[in-house]
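Just so we're clear, the structure is a prediction, and the values are computed from it rather than from any experiment.
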Amino acid sequence: MEAKEAKLEKMRHSASHVMAEAVQYLFPGAKFGIGPAIEDGFYYDFELPRPLVPDDLITIESKMREIIAADLPFAAEEIDRTKARKLFGEQPYKLELIDDLPDETVSIYRQGSFVDLCRGPHVNSTSEIKAFKLTSIAGAYWRGDEKCPMLQRIYGVAFDTEAELEDYLARLTEATKRDHRKLGKELDLFSLHEEAGPGLVHWHPKGALMRQIIEDFWRQEHRKRGYDIVFTPHISKVGLWKISGHWDFYRDSMYSPMDIDDVEYVIKPMNCIGHILMYKTQLRSYRNLPLRYAELGTVYRYERSGVLHGLARVRGFTQDDAHIFCRPDQLEAEVTEVVQLARFMMNTFGFSEYELLLSTRPEKYAGTIQVWEDATEALRKVLEHLELNYEVDPGEGVFYGPKIDVKLKDALGRLWQGPTIQVDFNLPQRFDVNYIGEDGLEHQVVMVHRTVLGSMERFMACLIEHYAGVFPVWLSPIQVTIIPIADRHLDYANKVAGGLRECDIRVQVDDRSERMNLKIREAQLEKTPYMLVVGDKEMDTSQVSLRLRSGEDLGTLSISQFMDRVKPIIANKIQDKL
RNA sequence: GCCAGCGUAGCUCAGUGGUAGAGCAGCGGUUUCGUAAACCGCCGGUCGUGAGUUCGACUCUCACCGCUGGCUCCA
C-alpha cells in the first residue's frame, strides 16, 4: 500500500515536471516556482507573460500528451551550487531555492528540453505517466506568503488507470450534487443576501426547524452532563476585550465599535467573556468546581471577503460553546468527558470516522512554558487513555493554550472542522478567575473552551453534504407527507395527519388539487422520508399506502402499523435511510 | 485582502453593437386522477450597480458590489 502511494506520488510529481515543460514550450520566458505532488494529483506555479485562461489548459494538456508519448527519460544529476546558479540564471525563484539549500551540491532532473531543480525521485520515463487531467487555474503566493508576488498555479490530477481517474471525476460530480449551497436552496433551508451583507445567514422555516431539533438535542445532552445553559449579551463595552487581550491579538477580526452614550461597545466575537463575568459574581470554592457554562452563542467575526463560503465560512454564526472552569487536577477528567461527549454527538449525527489533532505551543503564546507543557501533557494523556489515534500539529495551538481538534470525515471522505477543545491560561490570569482552595488560599482556575458541533451554520453545511440532503428521519423537517389522491380524500388525509401530529410526528398534507403523481414527485424531490398515499381503498379500510423516498412502495398498512414502524426510527435517531 | 472566472425573469439556462428568449415556478381556468411532471391561458426582466465609448450598449471600457475556484487567513 505504501509502496503504491510512493509510486503514485512519484508519477504525480513527474507529471508536474511534464506540465512545466509544456508551459515552457508554450510560454517562452516563463519563470518557474515549485511543482510538487499533492493528494490526488499535482500542481506547478508559474510566472507567465499573460494570465492563463481555461482554454490554455487544453493546449497545455495536449502538449503534455505529446511529451508523454515521446517517452522521454528523466535523468538525475548532482551539480555544485555555482553551476546550478548559472544554470538557473534566468529563474529568480529557483535561485532563491538554491540559496536556501544547505548542501554544496544540488540535484537536478532533466527530461526532454526541461531541467528543474528537484530532489526527486521521478519515474524513469515520461511514458510512465498514466491517466491525468488538468483541472484548474488559481493564483498562489510565492512561498505561500501574502507579501510575495502571486504566481499562476495550474492544478492537475493523476492516477494509475483511466478507471481511477474516472472514479475521481465522478466523486467530484457527486460532491457538486451534494453542495450545501445548492441543496440549501433546493430544500429551502437557508439563504444569504447581497442586500443584507455577505456571510450573514437567513434560516428559512425548514432549516430553522432542523436547527431547533439539533439545538434541543444538544441542550438535553448538555444538561445530562452537568452543564449549565446560559445566555450572554451580543454587545459589550470594548474595555472587556482590552482586558482579555482580544483587542490586541484579535482586533482585525472584530467589527468596529459603536458609540452608546459616548462609550464604545463592540459585537462579541466570542462568548467566553460573559461566562467569566458570571463566574466572578461569587467567590468560588474548590468544592464548586468544575463549573460548566454552555451557550448557543451567536458571534460575529470579520472574515476576509475571499474566504466566505456558503454556511461553512460566514461572518455571523452560533457556536455551541461552553467554558469549563476547573482545578488543574480536574483538567484531564474534564477533557476526557468532553471528548466522550464529542464522540457521542458525532456518532449520533452519523459521523463514524474522524481525525484527531493535538496542537501544541505556537511562536506567539501567553503563559509560561511550564503550564503549556503540563496542559499539553494532560491533553495527550486523555487521547492515550481513550486509545484514540491522533496526530500532533506542532505550533498550531491558539496563543492562549494547546487544543484538540476533531476533523469529521463525511460520506465522501472529506474532512470538516468539527469539535475543538482548547485549554486557556490567558483569560483566567487577565480576569483574575480564581477559586478558594482547600488551603483557604486563592488559586487560578483552568479554563477550557470547547464546542462539539463547531457552529450551527458550519455543522448544518456538513450535515447537508454528508447526507446529500437525505436526512435521517429524526432530523427531517418534514417526516411524513400525506398525499390524497382526489379532493374527496382530503378529510381523511387531515384526520390521519392529526393522529400523527398527536405523536409528535412532523406531517404535512398536500391538499392541492393536483395529480398524485405530481405530489409524489415533489415530496420525492423534497426528500421526505415517508409518503402516505390515501385514496378510496385506504379510506374504506382506514389504512394508508406507504411509499419511501427510496422509491419503494410498501403497499397498504394500518396507521398503527405505520406508527410502530416509524416511532422507534425517530426515537432512536436511526441513521439508515429508513 | 490577492489571482482568475462569472453575474440575463423566483429557479435552471439560451442569446446578440440595433432597445431580450425557453423550460420550470407563480397567477387564472379546466381536469379529480393509484406511486417521480395533466391541459389551456396569463403575468413576469431598468440583462448586478454606476460611469464612459458610440448615432445606438445586455453586448465594448473602467470602477464598485456579489458569487465561484484557488492563495493567504480561520484566535
Side-chain angles (χ1 to χ4, degrees), chain A residues 43 45 47-48 50-54 56 135-155 176 179 181-182 185-186 188 191-199 244-246 248-254 269-270 272 299 301-310 312-314 317 359 362 364-366 396-401 403 405 417 420 422 424 426-427 449 454-455 458 483-490 512-526 531-538 545-549 551-556:
Chain A
Y43 69 78
D45 289 342
E47 187 188 297
L48 301 174
R50 66 162 172 87
L52 290 167
V53 295
D56 289 326
T135 50
S136 60
I137 306 163
Y141 297 109
W142 167 240
R143 305 207 136 178
D145 186 338
E146 270 190 281
K147 291 174 206 80
C148 292
M150 185 163 265
L151 306 178
Q152 300 194 66
R153 175 174 296 179
I154 303 176
Y155 281 98
T176 313
D179 193 315
R181 294 164 299 185
K182 177 175 170 294
K185 197 183 284 179
E186 284 174 9
D188 195 17
S191 58
L192 296 146
H193 301 268
E194 186 175 343
E195 311 90 292
S244 72
H246 289 101
D248 295 328
F249 271 100
Y250 197 62
R251 189 168 180 175
D252 288 346
S253 298
M254 293 173 66
M270 295 185 179
C272 36
V299 298
R301 302 179 184 178
Y302 172 73
E303 298 280 1
R304 302 213 274 178
S305 59
V307 307
L308 299 172
H309 179 87
R313 190 86 182 264
V314 291
F317 54 97
S359 301
K364 253 167 79 177
Y365 63 95
E396 285 305 303
V398 189
F399 76 89
Y400 51 66
K403 62 172 178 174
D405 280 324
Q417 172 66 49
T420 175
Q422 308 176 344
D424 187 343
N426 180 50
L427 291 178
H449 308 245
S455 76
R458 180 179 294 181
I483 299 174
I485 290 179
D487 290 346
R488 66 174 177 282
H489 308 123
L490 248 180
R512 297 173 300 169
S513 295
E514 291 288 352
R515 292 173 73 230
M516 177 201 67
N517 281 310
L518 182 85
K519 296 180 187 177
I520 287 180
R521 177 182 156 79
E522 293 190 352
Q524 198 74 50
L525 292 174
E526 280 175 24
M531 283 156 257
L532 297 181
V533 177
V534 296
D536 291 335
K537 203 168 59 181
E538 290 76 13
S545 179
L546 174 59
R547 180 194 163 103
L548 307 181
R549 60 187 157 183
E552 216 177 331
D553 181 356
L554 296 183
T556 53

How is A:Asp252 classified with respect to the nucleic acid when contacts are heavy atoms under 4.0 Å: base, sugar-phosphate, or nothing?
-> nothing

Take atom CD of A:Glu186 and atom P of B:U12, then tell me their distance rounded to the nearest Å.
-> 9 Å

At under 4.0 Å between heavy atoms, what does A:Leu192 touch on the DNA or RNA strands: base, sugar-phosphate, or nothing?
-> nothing

Side-chain donor/acceptor contact of A:Arg488 with base of B:U32 under 3.5 Å = no

Once you round it to whole Å, what is the distance between C1' of B:C33 and CG of A:Leu490?
-> 14 Å

From CG of A:Leu308 across to P of B:U72 the rounded distance in Å is 17 Å

Considering only atom P, compute the distance from B:G15 to B:G44 and round it to an integer number of Å.
-> 25 Å

Base, sugar-phosphate, or nothing for A:Glu526, non-hydrogen atoms under 4.0 angstrom?
-> nothing

Considering only atom P, compute the distance from B:G70 to B:A22 and round it to an integer number of Å.
-> 36 Å

Pick the P atom in B:C27 and in B:C64, then give their distance to the nearest Å.
-> 42 Å

Expressed in angstrom and rounded to an integer, what is the separation of A:Glu146 atom CD from B:C74 atom C1'?
-> 13 Å

P atoms of B:G10 and B:G5, separation to the nearest Å = 28 Å

Would you kindly say whether A:Arg143 and A:Tyr141 are connected by a side-chain donor-acceptor distance under 3.5 Å?
-> no

Write down the distance separating the P atoms in B:G56 and B:G29, rounded off to the nearest Å.
-> 48 Å

Give a yes/no on whether any side-chain N or O of A:Lys519 is located under 4.0 angstrom from OP1 or OP2 of B:A36.
-> no

Taking all atoms of both residues into account, what is the closest heavy-atom pair of A:Glu47 and A:Leu151, and its distance?
-> CB-CD2, 3.9 Å

Under-4.0 Å side-chain N/O to phosphate OP1/OP2 contact, A:Ser305 with B:G1 | yes

Figure out the CZ/P separation between A:Arg304 and B:C73, and round it to whole Å.
-> 9 Å

May I ask you to say what A:Gly144 touches in the nucleic acid, namely base, sugar-phosphate or nothing, with a heavy-atom cut-off under 4.0 Å?
-> sugar-phosphate

May I ask you to verify whether the side chain of A:Tyr302 and the base of B:G1 hold a donor-acceptor pair under 3.5 Å?
-> no

With a non-hydrogen cut-off below 4.0 angstrom, is A:Leu518 in contact with a base, only sugar-phosphate, or nothing?
-> sugar-phosphate

Short side-chain N/O contact to B:C71 OP1/OP2 from A:Tyr43, under 4.0 Å | no

Ignoring hydrogens and geometry, is there a side-chain-to-backbone donor-acceptor pair from A:Lys519 to A:Pro484 under 3.5 Å?
-> yes

For B:A9, what is the paired nucleotide under Watson-Crick or G-U wobble rules, both distances under 3.5 Å?
-> none

Is there a donor N/O on one and an acceptor N/O on the other, under 3.5 Å, for the side chain of A:Arg313 and the base of B:C73?
-> yes

Atom pair CZ (A:Arg181) and OG1 (A:Thr176), whose distance is rounded to the nearest 0.5 Å | 9.5 Å

Is A:Met270 touching bases, backbone alone, or none of the nucleic acid, heavy atoms closer than 4.0 Å?
-> base

Determine the contact category for A:Asn517: base if any of its heavy atoms lies under 4.0 Å from a base atom, sugar-phosphate if only primed atoms, P, OP1 or OP2 are that close, otherwise nothing.
-> sugar-phosphate

Can you label the angle between the A:His246 ring and the A:Phe399 ring as parallel, tilted or perpendicular, going by 30° and 60°?
-> perpendicular

Give, for atom CZ of A:Arg458 and atom NE2 of A:His309, the distance between the pair rounded to the nearest 0.5 Å.
-> 10.0 Å

Would you kindly give the CD-to-P distance between A:Glu514 and B:G29, to the nearest whole Å?
-> 13 Å

Under 3.5 Å donor-acceptor pair, A:Asp487 side-chain atoms to B:U32 base atoms | yes

Using Watson-Crick geometry (N1-N3 plus N6-O4 or O6-N4) or G-U wobble (N1-O2, O6-N3), each under 3.5 Å, B:C33 is paired with none

Nearest-nucleotide wise, let me know which of A:Phe399 and A:Asp145 is further upstream toward the 5' end of RNA chain B.
-> A:Asp145

Euclidean distance for P, B:A57 against B:G48 (whole angstrom) | 15 Å

Expressed as a whole number of Å, how far does the C1' atom of B:U61 sit from that of B:U53?
-> 7 Å

Rounded interatomic separation in angstrom, taking CG from A:Asp56 and C1' from B:G5 | 13 Å

Before accepting this row, confirm whether a basic side-chain N of the pair A:Asp553/A:Arg547 lies closer than 4.0 Å to the acidic partner's carboxylate O.
-> no

Check if the side chain of A:Arg547 and the base of B:A36 share a donor-acceptor pair of N or O atoms closer than 3.5 Å.
-> yes

With heavy atoms under 4.0 Å as the rule, sort A:Ala140 into base, sugar-phosphate or nothing.
-> sugar-phosphate

Under 4.0 Å between a side-chain N/O of A:Arg153 and OP1 or OP2 of B:G69, yes or no?
-> no

Would you mind reading off the distance between A:Met516 atom CE and B:U31 atom C1', rounded to a whole angstrom?
-> 15 Å

Same-atom distance (C1') from B:U16 to B:C47, integer angstrom = 12 Å

Which is true for A:Tyr141 with a 4.0 Å heavy-atom rule: it touches a base, it touches only sugar-phosphate, or it touches nothing?
-> base

Base paired to B:C47 (Watson-Crick or G-U; both N/O distances under 3.5 angstrom) = none

Scan A:His309 against the nucleic acid and name what it touches under 4.0 Å (heavy atoms): base, sugar-phosphate only, or nothing.
-> sugar-phosphate

How many angstroms lie between atom CG of A:Asn426 and atom OH of A:Tyr365, to the nearest 0.5 angstrom?
-> 13.0 Å

Examine the base of B:G1 for any acceptor or donor lying under 3.5 Å from a partner atom in the side chain of A:Glu303, and report the outcome as yes or no.
-> no

